[in-house]
Amino acid sequence: MSKVTEIIALIFDFDDTLVPDSTTKLLAKHGIDTNKFWTVEAKALIGQGYDQAPAYLKLLLDNVGVEKPLGRLSNRGLRDFGATLDGDFHAGLPEFFDDIRAIVAEHAEIEVEFYIISGGLQAIVEGSGIVQKYFNGVYGCQLDEDENGQIRYIKRCVTFTEKTRYLFEINKGIPPKVSQTRPNTVNMFVAEADRRVPFKHMIYIGDGMTDMPCFSLVKKNKGHGFGVFDPSSQSKAKLALEEFMEPHRVTGMYQPDYAKDGDLGIFLRATVGSLCLEIESERRSIRRE
Ligand SMILES: [Mg+2]
């Protein structure tokens, strides 16, 4: 360990992990039939060969314009909508983030950072005051506007494997602003010892199939993965068991309760605490050598 300050990163998926699905809420707010949107129209595009993310982004953009359900929606409009999500965060949030900071603050020269990697819309996520206050970086799908200032083009698309690109950016210490215009920076060689956030100091929290590559990458490199699921949905519980737990892709599956006495909240606090102790004991053993 050559670095003076070690960084622990908690990296979250957004929709259904921190809040109920934000795109669904946006569509419903504008009177769009969300069931038809996801299970009929998006499914049909995927059947034509569309990848999941561009399928829903195309459908969303098809609904933008004068006399269309989403009207002349802009990125500003998406951010304003994101600001309305602060009351929707799951139990125990945002106090959880303060608690994690307090746990880490008890240890010298260890810092904690929070990130979101989402297949949803980055402008919505960044509109949240909670996200602005606590998070060090947000990665998500981005849309560009036309000459009238309404969203019209897909600028960046975050698919399931694309999510791992951002784990590598965090790992190598590439700031989001740099990678935005120089996407190949992530492919530059950085020696293990020089990587800003080692994978073993990462904790990834997600709920869906799109999080699988991130769970695999973090776990393979001795990091931690926590799955979130809605126990009231039988299909989600089945998915949790068959795809997350049985193949040992995650350390555990919990309902999204981040409170001090919620199972997920308890295990995440404990994991951060034990990571801090591990870092300190590694430091001591290096000094003794
Ligand atoms: Mg999700």
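Positions are given from 1, in the same order as the sequence printed here. Since this is a predicted model, take the numbers as computed values, not measurements. Start at 1 and go down the list; that is how both ligands and their atoms are numbered.
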N, O or S from [X] under 2.8 Å to the Mg ion (ligand 1):
X: D16; result: no
X: D207; result: yes
X: D15; result: yes

- Looking at D13, pick out the N, O or S atom nearest to the Mg ion (ligand 1) and give its name.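 Nearest N/O/S atom of D13: OD2.
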
Any side-chain heavy-atom pair of [X] and [Y] under 4.5 Å:
X: Q52; Y: T159; result: no
X: L60; Y: L143; result: yes
X: K200; Y: E278; result: no

- Task: Take D211 and D207, measure what side-chain contact (heavy atoms from CB on, under 4.5 Å) needs, and give me the verdict at the end.
- Result: CA-CA 7 Å; D211 298 305; D207 77 291; 3.9 Å; yes

